[in-house]
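So the structure is just underneath, and the comments pick up after that.
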Amino acid sequence: MTEQEYSSGLSKGDTLAELHVHRATGSIEDTQVPSCDERLVHLDNVRQLQLDILPMDQAQRRAELFNVLADPNRLRLLSALAKQELCVCDLAAGLKMGESAVSHQLRVLKSMRMVNYRKEGRNVYYSLANSQAIDLYNSISAQLFSSPLL
């Protein structure tokens with residue numbers, strides 16, 4: 001650790017990772033992360049981990065899904081569509097959003113195969129593509145908030 005890092009309020013035993021957290025939060029109290037006192041790699045565990053860990057392409061796809069679900073407006077759209085098929089106009093009115101904003105969010109959900117649509121005359125009706133999207137939402141909601149959609 002450099003003299004400048006030491007003078008920033010960290011003790012000599014703090015690591016650079018702790019310094020990063022310190023600068024980001026302005027606090028050194030929650031920067032201590034427990035770690036092994038002795039570096040001993042357990043090869044059996046590492047070999048099993050390498051077999052079980054997600055391949056990068058699958059991890060990327062799942063991260064994209066969670067990124068899509070991280071938007072509150074998309075979650076609100078999913079919660080509305082969990083109840084019934086709705087047209088863009090009804091969704092916009094119900095969510096108090098503009099039709100173009102709703103259409104944009106529906107495009108994102110469609111790109112992740114979470115919603116389907118059908119045209120009837122001049123209206124476009126959306127529905128959940130399958131129950132997996134709502135099952136995922138319900139599972140997360142039950143874990144965090146105990147308030148599933150259905």
Under 3.5 Å, which donor-acceptor pairs link side chains of residues 33-49 to any protein atom two or more places apart or in another chain?
| residue | atom | partner | partner atom | Å |
| --- | --- | --- | --- | --- |
| H42 | ND1 | L40 | O | 3.4 |
| Q48 | NE2 | D52 | OD1 | 3.1 |
| Q48 | NE2 | D52 | OD2 | 2.9 |

Using a 3.5 Å cut-off and no angle test, enumerate the donor-acceptor pairs between side-chain atoms of residues 63-72 and protein atoms at least two apart in sequence or in another chain.
| residue | atom | partner | partner atom | Å |
| --- | --- | --- | --- | --- |
| E64 | OE2 | Q60 | NE2 | 3.4 |
| D71 | OD1 | N73 | N | 2.9 |
| D71 | OD1 | R74 | N | 3.0 |

Please list every donor-acceptor pair under 3.5 Å in which a side-chain atom of residues 96-103 meets a protein atom from a residue at least two apart or in another chain.
| residue | atom | partner | partner atom | Å |
| --- | --- | --- | --- | --- |
| S103 | OG | E99 | O | 3.0 |

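Among pairs with a residue in residues 84-112, none fulfils ring-ring contact (aromatic ring centres under 6.0 Å, His included), at least two apart in sequence or across chains. Screening residues 111-133 for salt bridge (charged side-chain N to carboxylate O under 4.0 Å, His left out), with sequence neighbours left out, gives E85-R118, R118-E120.
Here the shortest heavy-atom pairing between V124 and Y117 reads CG1-CD1, 3.8 Å. When all heavy atoms are compared, the tightest approach of L91 to A80 is CD2-CB, 3.9 Å.
A distance of 11.5 Å separates CG of N116 from CG of L106, quoted to the nearest 0.5 Å. In this structure, OG in S79 is found 7.5 Å from CG in L75, a value given to the nearest 0.5 Å.
Other residues sharing a hydrophobic cluster with Y125 under the 4.5 Å side-chain heavy-atom criterion for ILVMFWY residues do not exist; the residue is a singleton.
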